[in-house]
Amino acid sequence: MTLDFTTYLQEHAGVTDNQISMIKDNLVTRKISKGKTLLRSGEICKQTFYVQKGLLRFYSIDSFGKERIIQFAPEGWFISDRISIYFNEPSPYYIDAIEETEAVSFDEKFVCDLGTISPQFTKYNEQLLQKHIRFLQKRINLLIGATVEERYLDFIKSYPDLTSRVPQWMIASYLGVTPEGLSRVRRELVRKPKSV
């Protein structure tokens, strides 16, 4: 399903057709091949990506060479390294495509320019930032204090259509468990009686 970025801005951020026409030249729609890397560790992140179709992921690689997935970005989600953009410092993260993806990329100038002509967008962008912080705080809390089952159930709630689109090892990486540990939890959930 394609979720057009300009429609998203109109429906969620109150941006008008006229305002979009003033800044649309700063938007770049990109076709991204499966497996293509958009950000590598050590680079400064300059772009935010809005996924219209497909799936991106945001992750790090630890000192043992193991991937640690922090976020998935399916249709209608944004993804970037906000810290790298804001502080203009090298990112420790990677962003790449899990599927063939169509995404709109934009830089901070676009955000500033749109905020100047649309107070509604400025307010919405602030809400989006606060939601992102809430999402990350919840992720930390789940990783340090929840069972694997609780983390998996939250994953399904946050990303309802990804269990069939993402390899099990990636879901396990996101949850901070081994693929075998995830398989065990999934088997246990199947055996549990369904509540009426």
Side-chain angles (χ1 to χ4, degrees), residues 1-60 68-141 158-162 174:
M1 178 179 154
T2 301
L3 296 168
D4 179 77
F5 185 50
T6 55
T7 303
Y8 177 94
L9 288 175
Q10 291 168 322
E11 292 180 359
H12 296 274
V15 179
T16 66
D17 285 333
N18 186 48
Q19 290 166 337
I20 288 171
S21 69
M22 292 168 69
I23 48 82
K24 67 181 178 184
D25 291 343
N26 294 322
L27 298 174
V28 178
T29 301
R30 303 173 62 169
K31 303 276 189 184
I32 305 159
S33 303
K34 179 179 178 178
K36 181 171 176 58
T37 301
L38 300 170
L39 175 69
R40 293 182 188 281
S41 177
E43 297 176 347
I44 295 174
C45 186
K46 299 288 188 183
Q47 301 288 314
T48 295
F49 301 92
Y50 170 82
V51 179
Q52 295 190 139
K53 185 178 183 182
L55 182 60
L56 301 177
R57 66 178 175 144
F58 181 70
Y59 64 99
S60 64
R68 306 289 183 178
I69 298 176
I70 296 159
Q71 180 194 344
F72 294 101
E75 293 85 358
W77 283 60
F78 293 90
I79 195 166
S80 70
D81 181 350
R82 289 175 175 267
I83 301 299
S84 179
I85 289 173
Y86 188 81
F87 292 104
N88 195 40
E89 63 186 32
S91 175
Y93 302 108
Y94 296 81
I95 297 173
D96 67 20
I98 299 174
E99 300 174 351
E100 298 292 316
T101 299
E102 178 183 294
V104 174
S105 63
F106 54 91
D107 59 16
E108 280 303 286
K109 183 179 184 309
F110 169 83
V111 174
C112 293
D113 289 351
L114 186 52
T116 300
I117 61 175
S118 173
Q120 296 94 328
F121 174 77
T122 301
K123 183 178 178 183
Y124 180 73
N125 193 44
E126 173 66 21
Q127 289 173 342
L128 207 58
L129 177 59
Q130 298 304 328
K131 285 180 182 178
H132 184 66
I133 292 169
R134 180 175 66 182
F135 173 82
L136 292 178
Q137 286 178 331
K138 183 180 177 186
R139 282 270 292 134
I140 293 166
N141 191 47
S158 298
Y159 300 108
D161 71 333
L162 289 199
Y174 178 86

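Treat the numbers as computed from the prediction; the structure is a model and nothing was measured.
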Does F58, at its CZ atom, have more than 12 non-hydrogen atoms belonging to other residues, nucleotides or ligands within less than 6.0 Å?
yes
Step-by-step side-chain contact (heavy atoms from CB on, under 4.5 Å) determination, R139 to Y174
CA-CA 10 Å; R139 282 270 292 134; Y174 178 86; 3.0 Å; yes
Could you tell me which non-hydrogen atom of C45 sits nearest to which non-hydrogen atom of D81, and how far apart they are?
SG-N, 3.6 Å
Working to the nearest 0.5 angstrom, can you tell me the gap between M22 CE and D17 CG?
13.0 Å
Y159 and W77: aromatic ring centres closer than 6.0 Å?
yes
Candidates K53, R30, Q52 - the one meeting side-chain hydrogen bond (donor to acceptor under 3.5 Å, both in side chains) with E102:
Q52
Which value, rounded to the nearest 0.5 Å, describes the distance between E75 atom CD and Y50 atom OH?
9.0 Å
How long is the straight-line distance from CG of L56 back to CD1 of I32, given to the nearest 0.5 Å?
5.0 Å
The reported gap from NZ in K24 to CG in L9 (rounded to nearest 0.5 angstrom) is 13.5 Å
On a heavy-atom basis, the closest approach of Y94 and S60 is CD1-CA, 4.5 Å
Measure the shortest side-chain to side-chain distance between I98 and F72 over non-hydrogen atoms and say whether it is less than 4.5 angstrom.
yes
Residue pair S80 / I95: nearest heavy atoms and the distance that separates them:
CA-CD1, 3.9 Å
Might you point out which heavy atoms bring P90 and I44 nearest each other, and give the distance in Å?
N-CG1, 3.8 Å
Any residue meeting salt bridge (charged side-chain N to carboxylate O under 4.0 Å, His left out) with E100, in chain and number order, not counting sequence neighbours:
none
Determine the minimum heavy-atom distance between Y59 and I69, stating which atoms define it.
CB-CA, 3.7 Å
Quick one: CZ on R82 to OG1 on T48, what's the gap to the nearest 0.5 Å?
6.5 Å
With sequence neighbours excluded, residues passing side-chain hydrogen bond (donor to acceptor under 3.5 Å, both in side chains) with T16:
Q19
Given L114, which partner from the list V111, I117, T116 fulfils the side chain to side chain contact (heavy atoms under 4.5 Å, CB included) test?
I117
Strictly distance-based, threshold 3.5 Å: is any side-chain N or O of S118 a donor or acceptor partner for the main-chain N or O of F121?
yes
Are D96 and R57 close enough, and set up right, to give a side-chain contact (heavy atoms from CB on, under 4.5 Å), and what steps lead you there?
CA-CA 6 Å; D96 67 20; R57 66 178 175 144; 2.8 Å; yes
Of the non-hydrogen atoms in V51 and L55, which two are nearest, and what is the gap between them?
CG1-N, 4.4 Å
Step-by-step side-chain contact (heavy atoms from CB on, under 4.5 Å) determination, Q137 to N141
CA-CA 6 Å; Q137 286 178 331; N141 191 47; over 6 Å; no
Measure the acute angle between the ring planes of F78 and Y8, then classify it against the limits of 30° and 60° as parallel, tilted or perpendicular.
perpendicular
K138: partners by side-chain hydrogen bond (donor to acceptor under 3.5 Å, both in side chains), with sequence neighbours left out
D154
Just verifying a value: how many Å separate F106 CZ and N26 CG, rounded to the nearest 0.5 Å?
11.0 Å
